[in-house]
Structure formats: C-alpha cells, structure tokens
Amino acid sequence: MPVGGLLPLFSSPAGGSLGGGLGGGLGGGGRKGSGPAALRLTEKFVLLLVFSAFITLCFGAIFFLPDSSKLLSGVLFHSSPALQPAADHKPGPGARAEDAAEGRARRREEGAPGDPAAAVEDNLARIRENHERALREAKETLQKLPEEIQRDILLEKEKVAQDQLRDKAPFRGLPPVDFVPPIGVENREPADAAIREKRAKIKEMMKHAWNNYKGYAWGLNELKPISKEGHSSSLFGNIKGATIVDALDTLFIMEMKNEFEEAKSWIEENLDFNVNAEISVFEVNIRFVGGLLSAYYLSGEEIFRKKAVELGVKLLPAFHTPSGIPWALLNMKSGIGRNWPWASGGSSILAEFGTLHLEFMHLSHLSGNPIFAEKVMNIRTVLNKLEKPQGLYPNYLNPNSGQWGQHHVSVGGLGDSFYEYLLKAWLMSGKTDLEAKKMYFDAVQAIETHLIRKSSSGLTYIAEWKGGLLEHKMGHLTCFAGGMFALGADGAPEGLAQHYLELGAEIARTCHESYNRTFMKLGPEAFRFDGGVEAIATRQNEKYYILRPEVIETYMYMWRLTHDPKYRKWAWEAVEALESHCRVNGGYSGLRDVYLLHESYDDVQQSFFLAETLKYLYLIFSDDDLLPLEHWIFNTEAHLLPILPTDKKEVELKEE
Ligand code: DMJ
C-alpha cells in the first residue's frame, strides 16, 4: 500500500514537469544568474534537495522491504540494461520506460554535446525511470503469495545453476571432486567350476544382447530383436541411447572393456539432452542419471559426472509446481511439465516423484550444488505433513494442491520404488538419515497390516488397496519387495529382524510360484489370488513377460543375505527359461503370453534387461565380495551408488 501510494508521484504529469523544470532551470540559471531568475533558481535547488531526499528514502524503503530475489534483482538489474533479463524487454508494463529512454537518446543526439542541462535532465529521468520500475516490481512482489515468491527464488537459483553449466567449458563448470576408487569391483572367478560356468554363460547372454543392439540399433534407445531394428519409446522423448547408458555398469562389472569404451565414446560424442520433446522424469532419472552416476563411480571418468549433472539440471523445471512435487512429464527444452492425463485428476505418481531421492542426493554431492538435494528433501517435507489413510501412502498426489488424489495403494506399479527409496536413502546415508528409516518402517508396518495376506495354500502375497477394498492381485513389479524386506531386516525395530528376513523369503517363494505355474517358466505381469486360483494370471492383458528383473532381483538379495542354495537354483531356472523362450537370433524378446505352448514375441529388448536382469543374475553367480551390499546401493534400475554419509550436523539437528 505505501509503495503503491508513492507510484503516482513519479508517473503523474506533475512528476514529468518537475523533472523538465529542474533541468531547464539549472541550465538557464547558469546563463542568466540574477533577478527573478535567481529566485527561481533557489527554489529549484530546494526542490532538487527535497527530491534527492525523497529518492534516498525510496532506496531505504526498498531495501527494508521483505527479502525477495525478484525485488532485489528489480533494483539491481534495472540499473544496468545489459543485465536485464530478456523478459523485461517484452512490451507491457515496461514499455513506457523504454519509450522515455528512446526519447532521451534522441534528444541527446539532437542537442549540443556536453550540454550540462541536458545531462542533468538525462540523469534525473533515468533515476525516475529506474524507480518507477523498481516500485512497480516491488508492488508486484508484495501482491505475490509466499509460495510464489519461494518459487521465484528457486527459479533464480536454477537459472544460475544452468548458466554455470552453459557458460563454462566442459568440466570447468563443476568443482573438482576427489575420485574415490570403488570398493569391491575386483572380479575374481568363483572357486566352484559349475558356478564359474554358469556365470560365464550369463556374460555370454550379455554379449548376445549387446552385440545385437550394436548391430541393429546402435545409438537408438532399444532393439527390436525380431525386426532387427531400433525401438523407441515415448518415455525418453527424443533422447537417444537408453540401452547404451543403461548397460554401462553391467559392461564394467562383467569386464567387457572394449564394449564399455565404445559406449563411453558414443556418450562423449552423441548423448544430447537438448531435445524438444516430452520425457518421463522418473524413467530418465533412473536409467540415464542413474546409469551415468554409476558409470562415474565405477570408472572415475569425468564425462559421466558432467553428463549426469547436465541432465540433472535439465530435470529441475519439473519441480515448478505450487507444492514442489514434480510433474511426471517434462519438455526438456521448454521446461514445461504436466502429468499423465490418466492419473487421478492431474496427480503426480508416488513411485515416480518418490524415486528421485538417491540420484538427486548424489547430483548435489558431485556438483557441489545443494539444489538437487533441496528438491527431494522438499518432497519428503510435503509427504510428512500429509495425513496418511491407515498409515498408507496413496499412489496419487496432486502437485497443485499438495493433497492426495485417489486413495489407491500399491507396493507394485505406481507405488513400488517409493518404499524402496526410503529404505535405500537410510542405507545410502550410512544409516544416518533416521527420518527415511522411520518413514520406511512405519510404511512397512501399515503395508503388513492392510495389504499382506496369505492364500489358502499358504502363499504370502501383497494385495492392492483401493480406498479400503482389497484387490487380491500381485504384480510382477511387486516381487522386488521380497528383496527389500530382507535388505531392511538388519535395521528393523527390536526383535523384528528375523521376521522381515522371513517375509522376504515368503515373497520370493510366491513369486517363484508365479513363474513355476506358467508354461514358459517366466512370470506373468500380474497374478491373482481369487476365483479359485493362486499365483496365476487370469486376465489376458496380464499374461505377458517383458524381460523384467524383479523376481531375479529378490533372488539376488535373498542369496546374498541367506546363502540358501535354492535361490541359485531358481535363478538358474530363469536363465534356462530366458534361453529357451526369449533368446532369438537378434537378441532377447519379451513374450505376450507365458501360458501359451509356443512363443509369441513382443519384439522388444528392454534396456532394463541389460541394466538389471542380467546384472542381478551375474551377481547371484559371483562371490559376495563383488559389489558388497555394505558399500553399494542399487538404484531401482540396478545402477550402483556408493554410500554417501549425510553431514552429521544436519542429522543431529533433525533429531532434536
Ligand atoms: C525398471 O525400469 C525399474 O526396475 C523400475 O523400478 C520398474 N520397472 C522396470 C523394470 O521392470
């Protein structure tokens, strides 16, 4: 109000004549110097003094107003046209000041050079214009909601982060970091000859998948192994090379050195994120950011760090929502985001915005810029403020209102990796992130109470929850949870460690059953426990298998944590099934129906087959000292991230 009240003084005709009169009087006074003219000169000096005092007051007022980058940048940037953001040049509120500036320039050209009166007029007019603009901006800022101001500040920070990357030559944009040589990457041959042979077979499978991708789809996202051509999915917009980036760490671990080098060269020369198309923020994060981070931590090659951070910066505009919960989809060129049209009234998806945490913490670590960590910590803040129905996290959250959408809960699709990332955030922090630990165990407790059930023959399964009603269906995706429960057992509340290890084993058994009850010995996309069936898909659109890793992932954790030989046996059954039914001349294909007596190929070799399925299989037949679980966290795409202890002080503060 006081600022708005001052505005007319500067922009009224009175203001205009004040400036003109002062300028003219000063010039005239210098030439005449006596009589009535001298009197007018004194008056004008007094006026000039009053005016200067008024300007000083205005400056003071502006600097004592509530802090806002917008306001300060309004004051600071507008004094130098060269520093003005491009948006200020558009017609509109700023047009009047520009017209005046043009007029001044014209008058300067027309007038005699070195005319002191013109110079004073010029100065005063410039000051007046700057103040008009600053006051206008101050008024706009005062009319903003606190969230809008907060968003503006974040936007400014992002601009700075982007400028740093854009303006600097490769590598100079990032602070130097000491590369810590990776632990547990020495690849010893297993002592047991039979295990050695099996491991070699899995490496041969990786070669088959890679060579065919290289031969028929090099540089494209994925391979169509039957058609022998490239496959692209809208998830990556027109970013290219998903298979190359997703496969990097598997190539490294399997010591496929030439292949790793050719992948690296392709990335150096071709991996481009300046794409004008919509991408899935979640998919790009887990596959590309995760793959690049992992490749950096294993190899120490700077190109991977640089590309990971560059991509991370490109993803930041996804967080421009009123709540800071990111959009699912983002155009990386325009920075415009939106949500999947089918998602509960424009909601963001729990498994998508909840699966950024690990990568973003590492992006802050490797870039020296806290912005990535701030974004994901804010997601946590929003979640912690919300009431959870029965302690459960619904799959949908509206980024505009910051409120839950439909009350659907799943540990499979739409929910899955959110829970995984809570547990892994705690582990990745060197067990210092106690907030994540609490969120994880609280959530698991609610899941056990409301979602976990036993079939009549004693198979434990995780059902889906639809606003209080249970759907007795479990997805292939949900099978990852066996490994998660077992991995978290160690930190479980007093007396529950064994319970969680057993729960992991029970889920592994159920998922194995879902494989065993098919003709192909590979599991369907979803299986049911109702209508007289157990662990069997009953709907045609749930009978496919797309080379997914979750069941094998759970075998890997169960093997590492129990050394029960059945997990190696079950993993080998999966290898045999993949070889018999998915392997084709041109690579590996998914199947449309795992209950049919013949293969019906879907003609896609998913990039996660190389990133996850084959990596987990290889680890099951390797010694435990290859990538020990105490030192490495696997992101949800099986990319490796080292433990990153949180700043001790921060944790202590949080605990208080
Ligand atoms: C992978 O991209 C990741 O594992 C993700 O968390 C879930 N879906 C696929 C594999 O099935």
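All values below come from the heavy atoms of this structure, side chains included, with hydrogens, waters and symmetry mates left out. Note that the structure is a prediction, hence the values are computed from the model and not measured.
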- request: Look at Glu204 together with Arg583 and state whether they make a salt bridge at an N to O cut-off of under 4.0 Å.
  value: yes
Derivation of the side chain to side chain donor-acceptor pair (under 3.5 Å) call for Asp593 and Gln540: CA-CA 8 Å; Asp593 187 338; Gln540 193 52 42; 3.1 Å; yes
- prompt: Would you say the side-chain atoms of Arg517 pair up with the backbone N or O of Glu534, donor to acceptor, closer than 3.5 Å?
  reply: yes
statement: Minimal heavy-atom distance between Arg199 and Pro190, with the atoms involved, is NE-CD, 3.5 Å
Of Arg287, Lys424, Glu359, Glu420, the residue whose pairing with Thr636 passes side-chain hydrogen bond (donor to acceptor under 3.5 Å, both in side chains): Glu420
Polar side-chain atom of Asp246 near backbone of Ala611 as donor-acceptor pair, under 3.5 Å: no
- request: For salt bridge (charged side-chain N to carboxylate O under 4.0 Å, His left out), just list the numbers for Glu197 and Lys201, CA-CA rounded to whole Å, side-chain angles, deciding distance to a tenth of an Å, and then say yes or no.
  value: CA-CA 6 Å; Glu197 211 179 295; Lys201 172 66 196 165; over 6 Å; no
message: For Asn339 and Ile349: C-alpha separation, side-chain torsions, deciding distance, then whether side-chain contact (heavy atoms from CB on, under 4.5 Å) applies.
response: CA-CA 9 Å; Asn339 275 337; Ile349 308 282; over 6 Å; no
Expected output: side-chain Glu553 to main-chain Glu612 donor-acceptor under 3.5 Å: no
message: Between the side chains of Glu513 and Arg509, is the shortest nitrogen-to-carboxylate-oxygen separation below 4.0 Å, so that they form an ion pair?
response: no
- request: Check whether any side-chain heavy atom of Leu547 lies under 4.5 Å from a side-chain heavy atom of Leu578, and answer yes or no.
  value: yes
- request: On the 0 to 90° scale, with breaks at 30° and 60°, tag the Tyr616-Tyr557 ring pair as parallel, tilted or perpendicular.
  value: tilted
- prompt: If we only count heavy atoms from C-beta on, is the Val284 to Leu311 side-chain gap below 4.5 Å?
  reply: yes
- line: Ala277 and Gly237 have their tightest heavy-atom pair at CB-CA, 3.9 Å
- request: Compare every heavy atom of Tyr421 with every heavy atom of Gly354, then report the nearest pair and how far apart it is.
  value: O-CB, 3.5 Å
- prompt: Should the ring pair Phe519 and His581 be called parallel, tilted or perpendicular, given that the plane angle runs from 0 to 90° and is split at 30 and 60?
  reply: tilted
Euclidean distance, Asn516 CG relative to Ser514 OG, rounded to 0.5 Å: 9.0 Å
field: Within-4.5 Å side-chain heavy-atom neighbours: Ser580 and Glu599
entry: no
field: Thr538 OG1 to Tyr595 OH distance, which is reported to the nearest 0.5 Å
entry: 8.5 Å
Side-chain (Thr243) to main-chain (Asn221) donor-acceptor, under 3.5 angstrom: yes
query: Do Leu350 and Tyr396 come within less than 4.5 Å of each other through their side chains, counting heavy atoms only?
result: no
- request: I would like to know whether Ile507 and Thr554 meet side-chain contact (heavy atoms from CB on, under 4.5 Å); could you show each step before the answer?
  value: CA-CA 9 Å; Ile507 299 296; Thr554 277; 5.5 Å; no
- request: Provide the closest heavy-atom pair for Trp327 versus Pro399 in the form atom of the first, atom of the second, distance.
  value: CZ3-CG, 3.7 Å
field: Student check: side-chain heavy atoms of Met332 and Ile239 closer than 4.5 Å
entry: yes
field: Considering all heavy atoms, the nearest Ile620-Ala571 contact
entry: CD1-CB, 3.7 Å
message: Glu352 vs Trp340, test: side chain to side chain donor-acceptor pair (under 3.5 Å). Steps then yes/no.
response: CA-CA 11 Å; Glu352 297 196 330; Trp340 298 105; 3.1 Å; yes
task: Could you tell me whether Glu576 and Lys521 make a salt bridge, using a distance below 4.0 angstrom between a side-chain N and a carboxylate O?
output: no
task: Taking the side chain as every heavy atom from C-beta outward, state whether Ser607 and Val245 have any atom pair closer than 4.5 Å.
output: no
- prompt: Can you find a pair of side-chain heavy atoms, one from Phe418 and one from Phe353, that are under 4.5 Å apart?
  reply: no
query: How far apart are the C-alpha atoms of Tyr544 and Arg592, what are their side-chain angles, what is the distance that settles it, and do they pass the side chain to side chain donor-acceptor pair (under 3.5 Å) test?
result: CA-CA 4 Å; Tyr544 61 89; Arg592 293 185 195 282; over 6 Å; no
- prompt: For atom CD of Gln445, is the number of surrounding heavy atoms from other residues, nucleotides or ligands below 6.0 Å larger than 12?
  reply: no
- prompt: Does Lys438 come within less than 4.0 Å of Glu435, counting only side-chain N to carboxylate O?
  reply: no
task: Evaluate the criterion side-chain contact (heavy atoms from CB on, under 4.5 Å) for residue pair Met520 and Tyr545; output intermediate values, then yes/no.
output: CA-CA 10 Å; Met520 300 281 165; Tyr545 171 69; over 6 Å; no
message: So, taking the atom named CG in Asn400 and the one named OG in Ser348, what distance separates them when rounded to the nearest 0.5 Å?
response: 8.5 Å
Pairwise distance CZ(Phe372) to NE2(His362) - rounded to 0.5 angstrom: 13.5 Å
field: Sidechain-backbone polar pair: Arg528 side chain, Lys473 backbone, donor-acceptor under 3.5 Å
entry: no
query: Can you find a heavy atom in the side chain of Glu222 that is under 4.5 Å from one in the side chain of Gln606?
result: yes
message: Tell me whether Asn635 contacts the main-chain N or O of Leu358 through its side chain, where contact means a donor paired with an acceptor under 3.5 Å.
response: no
query: Taking atom CG of Leu619 and atom CZ of Arg560, what is their separation to the nearest 0.5 Å?
result: 5.5 Å
- prompt: Under 4.0 Å between a Lys/Arg side-chain N and an Asp/Glu carboxylate O for Asp192 and Arg568?
  reply: no
message: Using 30° and 60° as the class boundaries, would you call the ring planes of Tyr515 and His476 parallel, tilted or perpendicular?
response: tilted
- prompt: Looking at Tyr216 and Gly586, what are the two nearest heavy atoms and their distance?
  reply: CE1-CA, 4.4 Å
message: Return the NZ to CG distance between Lys615 and Leu640, rounded to the nearest 0.5 Å.
response: 5.5 Å
Main-chain N/O of Leu220 paired to Tyr213 side chain as donor or acceptor, under 3.5 Å: yes
field: Mutual orientation of the aromatic rings belonging to Phe529 and Tyr461 [parallel < 30°, tilted 30-60°, perpendicular > 60°]
entry: parallel
message: Can you confirm whether Asn541 is buried at CG, in the sense that more than 12 heavy atoms of other residues, nucleotides or ligands lie under 6.0 Å from that atom?
response: yes
query: Is Asp416 reaching over with its side chain to a backbone N or O of Thr478, donor-acceptor style, under 3.5 angstrom?
result: no
message: Has Ser455 got a side-chain atom pairing as donor or acceptor with Leu459's backbone, closer than 3.5 angstrom?
response: yes
message: Tell me if a side-chain donor or acceptor on Asn395 pairs with a main-chain N or O of Ser410 at a distance below 3.5 Å.
response: yes
message: For a side-chain contact (heavy atoms from CB on, under 4.5 Å) check, start with the C-alpha distance between Leu614 and Tyr618, then their side-chain angles and the critical distance, and finish with the verdict.
response: CA-CA 6 Å; Leu614 292 176; Tyr618 188 75; over 6 Å; no
field: Audit row: His563, Asp624, side chain to side chain donor-acceptor pair (under 3.5 Å) steps and yes/no
entry: CA-CA 10 Å; His563 289 134; Asp624 292 0; 2.7 Å; yes
- prompt: What orientation do Tyr555 and Tyr567 show, parallel under 30°, tilted 30 to 60°, or perpendicular over 60°?
  reply: tilted
